[in-house]
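All remarks here apply to the structure that follows.
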Protein chains: 2
Amino acid sequence: MENTAKILNQKNLKATPQRIAIYEYLLGTGDHPTAETIYAALKPAHPNLSLATVYKNVASLKDAGLLMEFSLGGEGCRYDARTYEHAHVVCRKCHKVFDIDLPADTAEHKKTVSLMTNMDIDTCMMYYYGVCEDCWNK
Amino acid sequence: MENTAKILNQKNLKATPQRIAIYEYLLGTGDHPTAETIYAALKPAHPNLSLATVYKNVASLKDAGLLMEFSLGGEGCRYDARTYEHAHVVCRKCHKVFDIDLPADTAEHKKTVSLMTNMDIDTCMMYYYGVCEDCWNK
DNA sequence: TACAAGATAGTAATTTTTTTCATTTTCATT
DNA sequence: AATGAAAATGAAAAAAATTACTATCTTGTA
C-alpha cells in the first residue's frame, strides 16, 4: 500500500485520490498555499476536483493533526503540512512567509506548557514578524 | 492629550473616537475577538459604528504594528493588541485560546532570526497546540 | 464481492471581508 | 479660533471565502 494512503488510514481517513493529492501537494510545497491555490494547482491533474472538497479535506487533515492552518494577511487561511517543527518569518508589509529552522529547542518548552495548562501539548509554532528587505527599500 | 490618542498619532494614525474605542477594547480584553465580536461589543456605546470601520481599523492598527491578527478555526480572524509578548495555547478540538507567559526569553531568538533573514524582527509569537482537559474528557 | 460508512462534485447559500463613495473629521498650520 | 488637505467614516454594494446540501460514487472491511 502506498505510503501516504497508509498514513491517512492510520488517522481514520479514507485514502481517496483527492485527499492523497492534496496532502502530498502540501507535503511537497515550501509555499503556504490557500485553499484556492491548492485547488488551482491540482485542478489540471484532477479535472473534476471541487473547491468544496479542498476545504473539507484541509479541515479533516487539520483535525487529524496532519497539517496546520494559519492566517496572516487578507488572503484566506494558509495551510502547511511540514511535519518537522519550524518557524515562520512573516513580513508585516507584503505578507510573505519564509520557513526557517527553529532558533531554539522547544521540547522543554512544550513540557513546561503542558504542566502549566494541564494539556497534552504536541506542537509549537513560532512566528517572527518584521519587515523584509524588499519592503524596507520601498 | 490622551494617551491612546498620542500612541495613534505617533503611528501616523488619526485618533478618531472609533479607532480609539477599538484599540482600547482590544488592549483591555483577554479574549481574542473577531471583527464581528469587536463590533458587537462597541456598538452599544457607538451606535453608528459600522463593521467596515472595524475592518478598516484593525487593518490600519495591524499595519502600524499595534495589534496582531491570527486565525485558528472557522470563525474569521482574531485580533490581539497585547503589547507584552506572550504565548497562545490553542485547543485543537474546541479552538479555545489561552494566553500564557512566554516559556522562554525570545530576545536572543529575535536577534538570531534577524541575522538569518536580514530582516528587522520585532515580534515573536508562539502557539502551542494540543487538546484541552475538557475535550479530553469527551 | 457486498456492504456501510465516508467522501465527492456541483451548486446554492451563508459568512466574512473589502471596496466604493459622498460626507465628515482630524490635525498641522495659519 | 479658522482653514484646508489628508485621512477616516458609514452605508451599501460587491467580492471573496467558507459551509451546507444532496444525489451519487468510493473506500476499506467482512
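Reminder, nothing fancy here: chain letters follow the sequence lines and each chain counts from 1.
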- To the nearest Å, give me how far apart CD (A/Gln10) and P (D/dT27) are. 19 Å
- Item | Side-chain heavy atoms of A/His86 within contact of A/Asp101, under 4.5 Å | no
- Message: Classify the ring geometry of B/His32 against B/His88: parallel below 30°, tilted from 30° to 60°, perpendicular beyond 60°.
- Response: perpendicular
- Nearest-Å distance for atom pair CG/C1', residues B/Leu51 and D/dA14: 15 Å
- Item | Atom pair distance, as rounded to whole Å: CG in B/Asn9 and P in D/dA6 | 17 Å
- Query: Starting at CD of A/Glu36 and ending at C1' of D/dA16, how long is that distance when rounded to a whole Å?
  - Reply: 9 Å
- Note on the structure: B/Leu102 and B/Met126 have their tightest heavy-atom pair at CD2-SD, 3.5 Å
- For B/Tyr39 and C/dT15, give me the distance from atom OH to atom P, rounded to whole Å. 16 Å
- Query: Within the structure, does a side-chain N or O atom of A/Tyr55 lie under 4.0 Å from either OP1 or OP2 of D/dT18?
  - Reply: yes
- Message: Rounded to whole Å, please give me the gap between CG in B/Leu42 and P in D/dG10.
- Response: 11 Å
- Item | Contact letters for nucleotides 7-14 of chain C, in which S counts primed atoms plus P, OP1 and OP2 and B counts the base, heavy atoms under 4.0 Å | SSBBB---
- Could you tell me if the ring centre of B/Tyr127 sits under 6.0 Å from that of B/Phe70? yes
- Query: Donor-acceptor pair, B/Asp80 side chain versus B/Arg82 backbone, under 3.5 Å?
  - Reply: yes
- Across all chains, not counting sequence neighbours, the side chain to side chain donor-acceptor pair (under 3.5 Å) partners of B/Thr29 are none
- Any sub-3.5 Å donor-acceptor pair from B/Glu85's side-chain atoms to B/Cys124's backbone N or O? yes
- Taking it one step at a time, do A/Tyr39 and A/Leu49 satisfy side chain to side chain contact (heavy atoms under 4.5 Å, CB included)? CA-CA 8 Å; A/Tyr39 175 68; A/Leu49 176 68; 4.1 Å; yes
- Query: When the distance from CG of B/Leu8 to C1' of C/dA28 is rounded to whole Å, what number comes out?
  - Reply: 17 Å
- Query: Would you say B/Arg19's side chain and B/Lys14's backbone share a donor-acceptor pair under 3.5 angstrom?
  - Reply: yes
- Paired runs of 3 or more consecutive Watson-Crick or G-U pairs involving DNA chain C, with both pairing distances under 3.5 Å, are C:1-30 with D:1-30
